[in-house]
Amino acid sequence: MKVFTSKLCTTLHTPEFEFHGGAQSQHYECPERREAILKYLESHSDSFEVTEHVEDFGYEPIKRVHKQGFLNYLETAYDEWILEGGHPNGVMPSTIPHYRLARLGGQTPTNSLTNAGEYCFDMSAVITKDTFKAAWNAAQVTLTATKDLVRVADQYEKGLAAGTTVSREAPPGLYALVRPPGHHAQSDLCGGYCFLNNVGIAAQWLIDRPELRQKDGQPKKVAIIDIDFHHGNGTQELFYKTSNPLYASLHGRDAYPHFTGAATERGEGEGLGFSINVPLPRSTSDDEYVEALEKLIQEHIIPYDADYIIISLGVDTFKDDPIAGFLVTSEAYPRIGNAIRKIGLPTLFVQEGGYCVEKLGLNVGGILQGFLGKVAA
Ligand code: SP5
Ligand code: ZN
């Protein structure tokens, strides 16, 4: 499996601290996460080929899902924050315009020290000097992988047509090892360690490609399966009113981000029925998780008849995750990868959460190996 990544995913975004339950804590979404995953992949070079080749797709694909004002803000917030006397750790809002805040004079803040709340829904997305560059780079790495997905998917299809590819082989799969993650980022809000929605950008890019139009002129169909422990409120918001891509998420009930991800959130208008939310209790075990995923695939993913699958790959479902987790063990991850392989479609895996650094390589690697059919499931 080809793995797309870049050193910049380690070096550019390194906040020192965040807040948990009101207390200052280490920044769990740390550069060591990428290093740990990379180490696993490099020590399993029979399965993985890591490339640092990154193409520049520019602003356009990012602007398809994010608003210009938000992008300008991410790019300039830190410098302004420092000028106004903010802490060097990075930008964090002190006031958020709550929907019941009585803004009777319609007043809007004038600088990023006071304005952070306009573009941020929590205190878990610290903007440092190079955060915009880091998020930009993660999006470009993801797009580079997406472009390659189209190429390998074409090859696979030709192989199937010519009878040279055996269909029970693993379908084409690629992995974008990126950080910062993306699935909490809405069109104009950062939060939950996320700034630009890598998966959303990739899905929209596939849908937008004129050369990928089918014979009937329709765009290719994309199904996003979000297996991060947390609900991907950002991805859901981007596509809530459209039927393409489909967004489906398994996540912890009553967990962060707390206010989104109920089973009753099913999409709106044309998008009705194309957002699928499956909240699961904290007590969810390996068998229960794999069963829930297989049920989701059978009931929603297969009938959707997508051309491509994008996986928001979080392993913060792990039992020892320091900020999240079900009762899921490392044994479950190959089974999860195997369930995704059985869908039989070209698949792009994009890294989201997972904070137990010690087991991160094993758990992410488990999913990818399971997809490749390399481990018993
Ligand atoms: C991409 C991603 O996984 N983002 C998650 C961001 C979660 N941030 C806040 C989590 C708060 C959980 N508090 C539980 C503390 C247990 N010690
Ligand atoms: Zn998460």
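For ligands, and for the atoms within them, numbers begin at 1 and follow the listed sequence. Source: prediction; values computed, not measured.
To the nearest 10 degrees, the Zn ion (ligand 2) sees OD2 of Asp316 and OD1 of Asp228 at an angle of 110°.
Counting atoms of ligand 1 from 1 in the listed order, those under 4.0 Å from a heavy atom of His20 are 9 (C), 10 (C), 11 (C), 12 (C), 13 (N). Listed by number with element, the atoms of ligand 1 under 4.0 Å from a non-hydrogen atom of Gly353 are 3 (O). For ligand 1, the atoms sitting less than 4.0 Å from at least one non-hydrogen atom of Asp228 are 3 (O), numbered in the order shown with element in parentheses. Residue Ser124 has at least one heavy-atom neighbour below 4.0 Å for each of these atoms of ligand 1: 8 (N), 9 (C). Counting the atoms of ligand 1 from 1 in the order shown, those under 4.0 Å from a heavy atom of Asp316 are 3 (O). Applying the 4.0 Å criterion to heavy atoms of His183 picks out, from ligand 1, the atoms 1 (C). Close approach to His230 involves these atoms of ligand 1, each under 4.0 Å from a residue heavy atom: 2 (C), 3 (O), 5 (C).
For Lys63, the NZ atom is densely surrounded, since the number of other residues' heavy atoms within 6.0 Å is greater than 12.
Residues Tyr247 and Tyr240 keep their aromatic ring centres 6.0 Å or farther apart.
You'll find the side chain of Lys147 stays beyond 4.5 Å of the side chain of Val150, heavy atoms only. The closest side-chain heavy-atom distance from Cys356 to Pro322 is below 4.5 Å. Between Tyr78 and Lys129 there is a side-chain heavy-atom pair separated by less than 4.5 Å.
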### Query
Do Phe195 and Tyr73 pass the ring-ring contact (aromatic ring centres under 6.0 Å, His included) test, and can you show the C-alpha distance, the side-chain angles, and the key distance before you say yes or no?
CA-CA 11 Å; Phe195 304 91; Tyr73 166 77; 9.9 Å; no
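His230 contributes atom ND1 as its closest N/O/S atom to the Zn ion (ligand 2).
For atom 16 (C) of ligand 1, the choice among Pro322, Pro181, Gly21 with the nearest heavy atom turns out to be Pro322.
For the atom pair CZ (Phe326) and CG (Leu280), the distance works out to 4.5 Å, reported to the nearest 0.5 Å.
Residue, atom and distance of the protein heavy atom nearest to atom 4 (N) of ligand 1 are Gly192 O, 3.0 Å. Closest to atom 14 (C) of ligand 1, if we only count protein heavy atoms, is Ile323 O, 4.0 Å. When only non-hydrogen protein atoms are considered, atom 9 (C) of ligand 1 lies nearest to Tyr256 CD1, 3.7 Å.
Counting heavy atoms under 4.0 Å from ligand 1, residue Tyr355 touches it through the side chain alone. Counting heavy atoms closer than 4.0 Å to ligand 1, residue Glu29 contributes nothing at all.
Without hydrogens or angle criteria, Asp122 side chain to Gly191 main chain gives no donor-acceptor distance under 3.5 Å.
Counted by atom type alone, Arg341 and Asn338 present one or more donor-acceptor pairs between their side chains at under 3.5 Å. In this model, no donor atom of one side chain and acceptor atom of the other lie less than 3.5 Å apart for Asn233 and His231. Using modelled atom types and a 3.5 Å distance limit, the side chains of Ser312 and Glu352 yield a donor-acceptor pair.
Among the atoms of Glu352, no N, O or S atom is found under 2.8 Å from the Zn ion (ligand 2). Residue His184 does not count as close to the Zn ion (ligand 2), with no N, O or S atom under 2.8 Å.
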